[in-house]
Amino acid sequence: MALPAVLVVLVLGAGVLASFATTVRVQQLTTEAARLLGRGDDAALQRLAEVGATASVDRGGGVVCVRASARVPMGLPLPPVSARACALDGGR
């Protein structure tokens with residue numbers, strides 16, 4: 001009786017850790033993409049696509065903002081993680 005409960009707790013713990021790791025990775029790549037887009041590198045969103053994230057770019061007022069969203073890689077029904085980062089738009 002205790003073994004299934006322990007397995008459920010372990011799977012949920014692994015899912016939470018995967019969610020945190022995905023959040024950190026997407027936030028890091030979103031920040032990098034915003035900086036690179038601000039410098040004029042239009043291929044900056046490629047690394048976000050490599051990890052399976054979808055991204056959108058908003059420019060205005062001298063600032064470029066990138067918003068990205070990605071699914072957690074495990075098969076658990078966890079919500080997608082998202083990140084947003086902005087940088088000065090000196091490349092345009």
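The basis for the numbers below is simple: all heavy atoms, side chains too, and nothing from hydrogens, waters or symmetry mates.
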Practice task
Any chance you could lay out the side-chain contact (heavy atoms from CB on, under 4.5 Å) test for D41 and L37, step after step, and finish with the verdict?
Solution key: CA-CA 5 Å; D41 184 3; L37 284 171; over 6 Å; no
Problem - Test side-chain contact (heavy atoms from CB on, under 4.5 Å) applied to V51 and R25, step by step - result: CA-CA 9 Å; V51 297; R25 181 154 176 88; 3.2 Å; yes
Exercise for the section: Run the numbers on T31 and Q27 for side-chain hydrogen bond (donor to acceptor under 3.5 Å, both in side chains), then give the verdict. Expected result: CA-CA 6 Å; T31 303; Q27 180 63 54; 3.2 Å; yes
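Within the structure, disulfide bond (SG atoms under 2.5 Å apart) pairs that include any residue of residues 17-59 do not occur (at least two apart or interchain).
In this structure, the separation between CG on L29 and CD on Q46 is 11.5 Å, given to the nearest 0.5 Å. Between the CZ atom in R35 and the CG atom in L88 there is a gap of 12.0 Å [rounded to 0.5 Å]. The OG1 atom of T54 lies 11.0 Å from the CZ atom of R71; values are rounded to the nearest 0.5 Å. How far CZ of R84 is from OG of S69: 14.5 Å, rounded to the nearest 0.5 Å.
Between the side chain of T22 and the main chain of A18, a donor-acceptor pair closer than 3.5 Å is present.
Across V72 and P79, no two heavy atoms sit closer than the pair CG2-O, 3.9 Å. The shortest non-hydrogen separation linking A83 to T30 is CB-OG1, 3.8 Å. Residue A34 comes nearest to V64 through the heavy atom pair O-CG1, 3.5 Å, listed as atom of the first residue, atom of the second, then distance. In terms of heavy-atom proximity, A33 sits nearest to L45 at CB-CD2, 4.0 Å. Taking both residues in full, the closest heavy atoms of V26 and A68 are given as CG1-CB, 4.0 Å, listed atom of the first, atom of the second, then distance.
F20 and L12 fall into different hydrophobic clusters, where Ile, Leu, Val, Met, Phe, Trp and Tyr side chains are chained together by heavy-atom contacts under 4.5 Å. A continuous path of Ile, Leu, Val, Met, Phe, Trp and Tyr side chains, each step under 4.5 Å between heavy atoms, connects V57 with L48, placing both in one hydrophobic cluster.
S19 has its side chain out of reach of L17: every pair of non-hydrogen atoms, C-beta onward, lies at least 4.5 Å apart. For the pair R67 and S82, the minimum side-chain heavy-atom distance is 4.5 Å or more.
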